[in-house]
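Structure, as structure tokens:
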Amino acid sequence: QVQLVESGGGLVQAGGSLRLSCAASGGTIHRYAMGWFRQAPGKEREFVAKTSKIGITAYYSDSAKGRFTISRERAQNTIYLQMNSLKPEDTAVYYCNVAENYGDLDDPSKFVSWGQGTQVTVSS
């Protein structure tokens with residue numbers, strides 16, 4: 001069972017940047033497709049970005065496209081989410097997760113187990 005710990009969130013002004021980290025233990029990330037999700041107050045958890053098992057393919061939600069970049073660092077067993085040009089509507093708790101199948105990462109309802117997440121707050 002892979003355990004995931006998210007970090008890197010914080011308070012930032014609109015237009016600023018943050019880099020989130022998701023450190024994995026109990027398994028190597030290159031065996032899994034991995035993704036980022038977020039949940040804003042009063043809203044359902046939503047997909048943000050995903051990367052395939054060896055990191056060749058990435059896919060982003062419409063809101064993340066052009067501003068966020070997902071990457072993986074095999075040596076650190078960690079994936080990252082670089083977030084630029086942040087907007088107040090990006091305010092949410094951000095989570096990562098893993099999947100055997102790349103396609104499963106499109107739907108957060110398919111996942112039962114989640115980490116504690118990392119809070120991102122963007123002020124206007």
Trace of the ring pair (Phe, Tyr, Trp, His ring centres under 6.0 Å) decision for Trp36 with Phe68:
CA-CA 11 Å; Trp36 284 97; Phe68 295 1; 10.0 Å; no
Stepwise, does the side chain to side chain donor-acceptor pair (under 3.5 Å) test hold for Arg19 with Ser71?
CA-CA 11 Å; Arg19 189 177 80 154; Ser71 62; 5.9 Å; no
Side chain to side chain contact (heavy atoms under 4.5 Å, CB included) between Thr69 and Tyr80, worked out
CA-CA 8 Å; Thr69 303; Tyr80 302 97; over 6 Å; no
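Side-chain contact between Thr28 and Asn77 is present, with at least one heavy-atom pair separated by less than 4.5 Å. Residues Leu20 and Met83 have side chains in contact (heavy-atom distance under 4.5 Å, counting atoms from C-beta outward). Put simply, the side chain of Val93 does not reach to within 4.5 Å of the side chain of Arg45, judged on heavy atoms. Annotation: side chain of Lys50 is in contact with side chain of Tyr102 (closest heavy-atom distance under 4.5 Å). Arg38 has its side chain within reach of Glu46: a pair of non-hydrogen atoms, C-beta onward, lies under 4.5 Å apart. For the pair Glu6 and Tyr94, the minimum side-chain heavy-atom distance is 4.5 Å or more. With contacts defined as side-chain heavy-atom distances shorter than 4.5 Å, the pair Val98/Ile29 does not qualify. Between Val120 and Val122, some side-chain heavy-atom pair lies under the 4.5 Å cut-off.
The local environment of NZ in Lys43 is sparse, with at most 12 non-hydrogen atoms from other residues, nucleotides or ligands closer than 6.0 Å.
Using a 4.0 Å cut-off between charged nitrogen and carboxylate oxygen, Lys87 and Asp90 do not count as a salt-bridge pair. Taking a cutoff of 4.0 Å between a charged side-chain nitrogen and a carboxylate oxygen, Arg31 and Glu100 do not qualify as a salt bridge.
For the residue pair Ser17 / Arg67, no side-chain donor-acceptor distance below 3.5 Å is found, with atom types taken as modelled.
For Ser124 against Ala14, the heavy-atom pair with the smallest separation is CA-CB, 4.4 Å. A pairwise comparison of heavy atoms in Cys96 and Ile79 identifies CB-CD1, 4.3 Å as the closest pair. Shortest non-hydrogen contact noted between Asp104 and Phe111 is O-CE1, 3.5 Å. Closest approach of Ser109 to Asp107, counting heavy atoms only: OG-OD1, 2.7 Å.
To the nearest 0.5 angstrom, Cys22 atom SG is 13.0 Å from Gln76 atom CD.
Connection of Leu81 to Val12 is established within a shared hydrophobic cluster, with ILVMFWY side chains joined at heavy-atom distances below 4.5 Å, either directly or through further cluster members. Criterion: ILVMFWY side-chain heavy atoms under 4.5 Å apart, direct or through other members. Under it, Leu18 and Tyr95 are not part of a common hydrophobic cluster.
None of Val2, Thr78, Ile70, Leu4 except one satisfies the side chain to side chain contact (heavy atoms under 4.5 Å, CB included) rule with Met34; the exception is Leu4.
Ring pair Phe47/Tyr60: centre-to-centre distance not below 6.0 Å.
Not one N or O on the side chain of Thr121 forms a donor-acceptor pair closer than 3.5 Å with the backbone of Leu11.
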